[in-house]
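See structure below.
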Amino acid sequence: MSERYNPLALEPIWQKSWADKGVFAASNSSDKPKYYALEMFPYPSGNIHVGHARNYVVGDVLARFKRSQGFNVLHPLGWDAFGMPAENAAIKHKVHPKEWTKQNIEQMKSDLKLFGLSIDWSREFATCEPSYYKHQQSFFIDMFKAGLVYSKEAHVNWDPVDQTVLANEQVVDGKGWRSGAAVERRTMKQWFFNITRYADDLLNDLDKLTDWPERVRTMQANWIGRSEGLKFTFKVNNWADGLTVYTTRPDTIMGVTFCSVAPEHPLAAETAKNDPQALSFIKECQGLGTSEEAIEKADKKGYKTPFTATHPITGIEIPIYIGNFVLMGYGTGAVMAVPAHDERDYAFAKKYDLPINVVIKGDNMPDDNAYIGAGVLVDSGEFTGLDSKTAKTKVIEWFEANKTGEKTVNYRLRDWGISRQRYWGTPIPFINCTSCGTVPVPKEELPVELPIDVEIIAGGGNPLDLHPTWKNVDCPVCGKAALRETDTMDTFVDSSWYFARYTCVDSEKPLDKAAVDHWLPVDQYIGGIEHAVLHLLYARFITKALKEIGYVSVYEPFKALLTQGMVLSPCYRTTGGEYINPLDVIHGDDGKSRYKVTNEELEVLANEKMSKSKNNGVPPRPLVERYGCDTLRLYTMFCAPIERTLEWSEAGVDGAWRYLGRVWSLVHEAGFTVNAEDIIPMAGLSDKKHKELKRKIHKTARKVSSDIEKFQFNTMVAACMELANALGEHKDSTDQTTQTLYREGVVMLLQLLNPVAPHITEQLWQDIGQKTWLVETLWPEFDMAATEDDEITMVVQINGKLREKLIVSAGLSKEDAEQQALQAIEPHLTGMTVRKCIVIPDRLVNIVAN
RNA sequence: GUCUGCGUAGCCCAACAGGUAGAGGCAAAGGACUUAAAAUCCUUCCAGUGUGGGUUCGACUCCCACCGCAGACACCA
């Protein structure tokens, strides 16, 4: 190898060598302990930027580290390849989604391969392949048979841009999570996963996920939104069904002065039948997007219905309103209103001049608002005098005794609607027959394959439905003409079990039990916080469902979760408003930034998440072609703690490059070969300098090992930098012992740095004459004896202020330390009385005196 | 509005379990090498930890209040 560090020459060679030897292939039958490292499923969007890369580099560092620790590591990668963008591209560029997806996968794969990732590519698949979705259809039918899948007419969130239904989780601020269009409310037939059946499991099992970030668990718990309360039914005049409400505050029952129902509630519809004004009020509520509501959130509006409800305890007649703030999707879509103890009801009562009856007395009662805290009941008949907590129980008991209500557990979580009226997704394997109803496709006929000859027209509706022949089929039960289901599955279904399929990509069945049981759960899952609810909740649910129908044995898919921070980059804009990519910007000495092409001065905007719209995504390829991927990997790991955002800086990349250059010269300027037995134990060293160097080596090994385990990659790299700096001082030493230690240090450094910078360390490993490959070499043990100091700097403080530093031998007794400190510090103590001495062994002595 | 995380040198970041505020990097300045530049190497500079209290012998670290930034949730009855 040449004298100069030339990553461009050596990186491809090693990548090919590793691939040819198959060193990253995971074995399903190995005596070694297993370790499953996985980064979140990538959507193949084509070109990647360094922000995407952070995710895969972290995973790769862990995978390589664990491999070197002797684990049988599974580290696969594949493609979440169904979804809307392919159809949008079909409309825009007249290219078939299949073709577009294939090209994107190729592009992205080649970009990712630049990073030298230790991926087992033999397990690669894309979800758009029939050989994948066939199995999904298969267990979908199993889930149907187990009652975990059903279809029904339902209120749905309709995205008018993507022309499809969205799940509740996929509506953000009243807008589609991908299109950003305000969703509309529609009623249509929908396929659902019965996720609420597992609501309690999904909630309770969060406690067992101790290696997940606390905030992700909190977000999921909030999303599931379990609450306990009372459900009961008001008698309503001229309405036989009565009005069923749910409340978490049964203790406020005697303060109810009216009721509110959602605009979609049947009682509202009944009101609107003969009342055009009511109808227009309901229309107004539905037209209002949630986001607009957020702006006018203070504006509670209502419409008084002709119905009245009878208070179940007092018998008093109270009015029923249609309220724009009542949600049909939560509870029963109707609420008992207690203005004195609920802020919304209070605002509403003020506006419509309704009575406000205080029934709870607490501390700090507000003058002009509801008191929502707990307290003691007043004016509450037989419940007067009870505290809120007792009253809740007593009131529920009252209703249960009178058979008019019951204690109820309610969830915010709704069943997961998975029907999508789109082409590029997994076909739902069912057939609608006029005489037999909805019947599953026989398993031997799977997969129900997508037709290739479809027309995809902007806003043109469901391409599968519009296909001339695809949906025509004979009913598998009665043989008469029937129609295929033309909805496809939400692509979140595809990504809810892919991690299990990686364990057995060739299996004829959806999953091979032995393989899945061997590998699951994923030991370390790595991805962005943006999936805290959506993907992670769905995947947890599908895992529980797969367990129920016998495909897996685990109840949770991901043992540990690491959420890495976003990568930010400055945005540059021309006066014309065009965004310029950071790679095309030249930074002048005058501190100004100019566009490389036109030399135009650019406006520099704040750091933002790398995105297409801001054109601030830094593509890795030009950087890899300049620095090599090890430099990029090193920088990415070093620049910031992994959970925090990383501000991309090309100057920082330069620093990483320089460091690797120094590591290179540690080997090539010293010019040596290694003798493995050439290690002097600590006990064999007497010279202070030698001991220090030995100590540095083993302290670094200790720190790097523990830092990786704790995901502190930035400090781990810093420790390697320190070691390299320390070794650098001895590069030209002629002292025999120093040279031996130097060699030990270099060997250690290469091993420690290997997970982060695998190519350069592998090459240098060869260059120093090792017979093995570093990628197949076990992680180094550190010598505990060599990490212990024999001398330490003891600090002497007076009243907490630093006065003196003493070099003393380690392990001094408290008495000796105190004595030495007092002696050394005597001049400072003239005229003072020593009150107390605090001794922290091997650290400091603090003398309290006055 | 609620919850979470973060505020340390010009910048990115360290600091074990409360015990010397500085490990590492970037930038800057000076120097070496060079015909020169780049690259490389050496040296140097810089803060008292967002603000105000409290606990303690001792607080970046723990507690309380506030300010700022980021993210999540936001009429869930």
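Chain naming here is simple, since letters A, B, ... match the order of the sequence lines and numbering starts at 1 in each. Any value given below was found using the heavy atoms of this structure, including those in side chains, with hydrogens, waters and symmetry copies removed.
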Before accepting this row, confirm whether a basic side-chain N of the pair [X]/[Y] lies closer than 4.0 Å to the acidic partner's carboxylate O.
| X | Y | value |
| --- | --- | --- |
| R217(A) | E214(A) | yes |
| R626(A) | E650(A) | yes |
| E284(A) | K301(A) | yes |

Whole-Å gap separating [atom2] ([N]) and [atom1] ([X]):
| X | N | atom1 | atom2 | value |
| --- | --- | --- | --- | --- |
| I838(A) | U20(B) | CD1 | C1' | 16 Å |
| L327(A) | A74(B) | CG | C1' | 11 Å |
| F325(A) | G1(B) | CZ | P | 22 Å |
| R412(A) | A77(B) | CZ | C1' | 14 Å |
| Y411(A) | C76(B) | OH | P | 19 Å |
| F638(A) | G25(B) | CZ | P | 7 Å |

For this session: Would you indicate which nucleotide in G19(B), C75(B), U20(B) comes nearest to any side-chain atom of K300(A)?
Result: C75(B)
For this session: From the options A72(B), A27(B), A77(B), select the nucleotide whose nearest atom is closest to the side chain of A651(A).
Result: A27(B)
Counting the atoms with a prime plus P, OP1 and OP2 as sugar-phosphate, which does [X] contact under 4.0 Å by heavy atoms, base, sugar-phosphate, or nothing?
| X | value |
| --- | --- |
| V326(A) | base |
| I840(A) | base |
| Q797(A) | base |

Is there a side-chain polar atom (N or O) of [X] under 4.0 Å from OP1 or OP2 of [N]?
| X | N | answer |
| --- | --- | --- |
| K805(A) | U20(B) | no |
| N714(A) | A14(B) | yes |
| N222(A) | A74(B) | no |

Exercise. Syn or anti for G48(B), with syn set at within 90° of 0?
Worked result: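 The base of G48(B) is oriented syn (glycosidic angle within 90° of 0).
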Problem set entry | ring pair (Phe, Tyr, Trp, His ring centres under 6.0 Å) between F234(A) and F232(A), intermediate numbers included | CA-CA 7 Å; F234(A) 284 97; F232(A) 69 95; 4.9 Å; yes
Problem set entry | Side-chain-base donor-acceptor pair under 3.5 Å for R249(A) and A77(B) | no
Problem set entry | Cation-pi geometry met for K300(A) and F325(A) (6.0 Å, 45°) | yes
Seminar exercise, completed: Closest heavy-atom pair, A821(A) versus M794(A), reported as atoms and distance to 0.1 Å, is CB-CE, 4.3 Å
Problem set entry | Annotated protein contacts, base or backbone, on nucleotides 39-46 of chain B with a non-hydrogen cut-off under 4.0 Å, one of B, S, - each | SSS-----
Seminar exercise, completed: Only one of Y627(A), F713(A), W648(A) passes ring pair (Phe, Tyr, Trp, His ring centres under 6.0 Å) with Y635(A), and that residue is W648(A)
